[in-house]
Amino acid sequence: MPNLIPRPLRRPGKPGTHGTSSYRPTGNGGGSGHDPAHVANGRNGEDEGQLTQLVEQGKEAGIDVVGWVDERTGTTTLLTGMLYRKVPKGTNWFYTLGSACMIAFAIQAITGVFLAMYYRPSAIEAWESIQFVTTEVFAGQFVRGMHKHGASVMVVLVFLHMARTFFFGAYKYPRELNWIIGVVLLVLTMVMSFTGYLLPFDQRSFWATVVGVNINGTGPIVGPYLSDFLRAGPEFGATTLSRFYAIHMLLVPGLLVALIGAHLHLVMKLGTTAPPWLKAERPKRLRRREVEGSREDGS
Amino acid sequence: MADQTTPSGSSGEEEFRNPDLPGSYPGETVTRRRLFEGAVQAVGGVAVAGIALPVVGFAAAPVFSQRDEKWEAVGAPDLFDKTSYRQVVITLVDDIGEAGKTTVYVREAAPDTFPMEKDTKYIAITTRCAHLGCPVRYIEAAGNFICPCHGGVYDFQGKVIGGPPVRPLDRFQTRLRNGQVEIGPRYSVTAQLEPVRTRDPGEFTGGPGGIWNLLYPPRPSVPPAP
């Protein structure tokens with residue numbers, strides 16, 4: 001069994017591991033293969049007790065699994081680079097708002113996937129399918145509620161994050177492109193809210209969408225055509241709901257994921273800023289040097 | 001300025017040689033490399049267009065497609081009179097249940113009271129408010145249409161007498177066929193009740209010199225006004 005492990009991955013300096021069958025590629029090591037006759041992990045030659053031995057073998061196996069993946073992907077380097085990176089002094093709770101937005105989006109995506117398993121995007125069946133989710137499906141009301149209120153949560157967090165970035169001056173050089181991407185993300189979030197609102201297809205959804213698309217149509221010259229494009233025709237028609245569903249489920253989430261990826265990449269690359277109430281220290285060579293005896297009182 | 005790289009010792013044509021293309025013949029602007037690069041990019045562009053144009057067309061087609069005119073019978077002529085509106089329901093879009101239906105207020109034309117109505121027999125007024133599209137209601141006692149959303153008020157003819165609407169209520173074409181009053185396609189009106197091609201709610205019509213018809217152009221997806 002031990003000879004299946006390639007040489008570099010075996011832990012050097014632990015003579016106990018070579019002779020034992022403590023490594024299992026899957027599951028906890030040593031669960032079934034524990035043999036009291038084998039030497040334990042080499043820290044001391046004595047048997048430390050069965051439970052401790054199991055735990056040690058479990059940890060060993062876990063570490064080896066991670067090592068196997070890491071050697072082939074470089075994940076550990078990436079994760080330590082991300083999680084252990086240096087941040088400026090003064091980083092505070094405001095800086096968590098960006099991650100909070102991303103978590104809110106992840107929650108929307110996951111709950112959205114589960115809702116999509118039951119939703120029927122037809123003008124006649126949509127409302128019924130949502131009623132089914134709310135009343136008959138296990139935890140359906142919970143998942144639907146998470147999605148509905150999660151949308152409001154996400155919008156609030158996005159605005160708070162935008163305000164934090166603005167008031168901390170974190171949009172300035174070299175982070176201008178990040179700000180621009182953030183604004184596009186804001187607009188896409190609004191589009192998600194608008195298109196998602198129609199999907200339950202009750203009276204409020206329907207009329208809110210009618211009014212919203214008509215507001216869109218009041219823009220001069222392009223407005224009417226844009227409204228026609230959104231509604232798939234001059235009035236709310238048979239394919240309007242499908243169109244909104246496709247935009248809500250496919251087009252905008254794809255764009256959101258791509259742009260969030262770009263946004264995060266830029267944050268990692270450029271680093272975060274210190275809060276504006278902390279002044280940076282002047283470099284030593286630019287500070288005015290005090291010459292001895294030059295002060296007014298002669299010191 | 002002896003140039004060792006010229007294949008033929010033509011020193012008199014130096015000014016035609018392209019300095020960006022070392023070793024080029026005098027007057028040469030396109031090398032083989034450039035030609036092939038351009039050709040491959042053009043082929044790539046054709047391939048992308050072959051995918052992208054149908055996709056864009058797919059999404060944008062409803063903006064330009066024209067639908068057939070629909071006429072729907074709503075009742076015998078003796079159901080409607082000149083002094084009050086009667087509410088009827090028509091189907092604008094088939095196959096989507098209630099979402100495709102709308103109510104219409106119908107009355108007989110009254111050319112004695114309103115001289116401009118002498119050419120039509122019936123007047124059919126939409127319930128779609130000209131402000132943002134909420135359904136308006138006819139109030140019998142006041143002879144007005146009132147919109148619940150933002151407080152728009154229209155008079156008996158559908159002209160705006162209060163609130164945010166930007167133009168009078170839209171109308172539907174009407175005709176008498178086989179002893180039934182029929183409701184046809186929708187059209188919008190200017191402030192003077194002249195017909196124009198239908199516009200969405202919130203869009204002005206008319207204006208001095210027809211300025212609003214330029215800013216809100218008529219769309220190909222709706223039928224022309226009568």
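Not measured: the values here are computed from a predicted model. Convention: sequence-line order gives letters A, B, ...; per-chain numbering from 1.
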Chain A interface, residue from B:Pro217, B:Gly97, B:Ser65, B:Gly100 that has the most non-hydrogen pairs under 4.5 Å: B:Pro217

Look at B:Pro201, B:Gly202, B:Ala60 and state which one has the largest set of heavy-atom pairs under 4.5 Å with chain A. B:Pro201

More than 12 heavy atoms of other groups within 6.0 Å of B:Arg137 CZ: no

How long is the span from the CD1 atom in B:Ile96 to the OG1 atom in A:Thr240, to the nearest 0.5 Å? 7.0 Å

Is the CD atom of A:Gln141 crowded by more than 12 outside heavy atoms at less than 6.0 Å? no

Rounded at 0.5 Å granularity, tell me how far CZ in A:Arg231 sits from CG in B:Asp200. 4.0 Å

With a 4.5 Å cut-off on heavy-atom pairs, point out which of B:Leu132, B:Asp95, B:Val93 contacts chain A the most. B:Leu132

Contact class of A:Tyr225 relative to chain B, heavy atoms under 4.5 angstrom: both

Check whether more than 12 heavy atoms from other residues, nucleotides or ligands sit under 6.0 Å from atom OH of A:Tyr118, and answer yes or no. no

Write down the atom of B:Gly133, the atom of A:Val210, and the distance for their closest heavy-atom approach. O-CG1, 4.0 Å

Name the region of B:Arg67, side chain, backbone, both or neither, that has any atom closer than 4.5 Å to a heavy atom of chain A. side chain

Under a 4.5 Å cutoff for heavy-atom pairs, which residue among A:Pro234, A:Gly212, A:Gly237, A:Ala238 has the most contacts with chain B? A:Pro234

For A:Phe142, is the CZ atom crowded, meaning more than 12 foreign heavy atoms sit under 6.0 Å from it? no

Donor-acceptor under 3.5 Å (B:Arg219 side chain, A:Gly233 main chain): no

Among A:Gly217, A:Ala123, A:Gly219, which has the most heavy-atom pairs under 4.5 Å with chain B? A:Gly217

Within a radius of less than 6.0 Å around CD1 of B:Ile51, do more than 12 heavy atoms belonging to other residues, nucleotides or ligands occur? no

Within a strict 4.5 Å, meaning less than it, do heavy atoms of the A:Trp207 and B:Pro135 side chains meet? yes

Got a second to check how far A:Phe236's CZ is from B:Thr102's OG1, nearest 0.5 Å? 13.0 Å

With a 4.5 angstrom heavy-atom cut-off, could you sort out which part of B:Ala61 is near chain A: side chain, backbone, both or neither? neither

What is the distance from atom CZ of A:Phe229 to atom CZ of B:Phe64, rounded to the nearest 0.5 Å? 10.5 Å

What distance separates A:Glu235 CD from B:Arg186 CZ, expressed to the nearest 0.5 Å? 7.5 Å

A:Tyr171 atom OH, over 12 foreign heavy atoms within 6.0 Å: yes

From CA spacing to verdict: side chain to side chain contact (heavy atoms under 4.5 Å, CB included), B:Cys134, A:Val211: CA-CA 7 Å; B:Cys134 285; A:Val211 167; 4.1 Å; yes

Rounded to the nearest 0.5 Å, how far apart are CD of B:Glu203 and OG1 of A:Thr218? 7.5 Å

Sort out for me which of A:Thr239, A:Ile215, A:Leu226, A:Val222 touches chain B most, counting heavy-atom pairs under 4.5 Å. A:Ile215

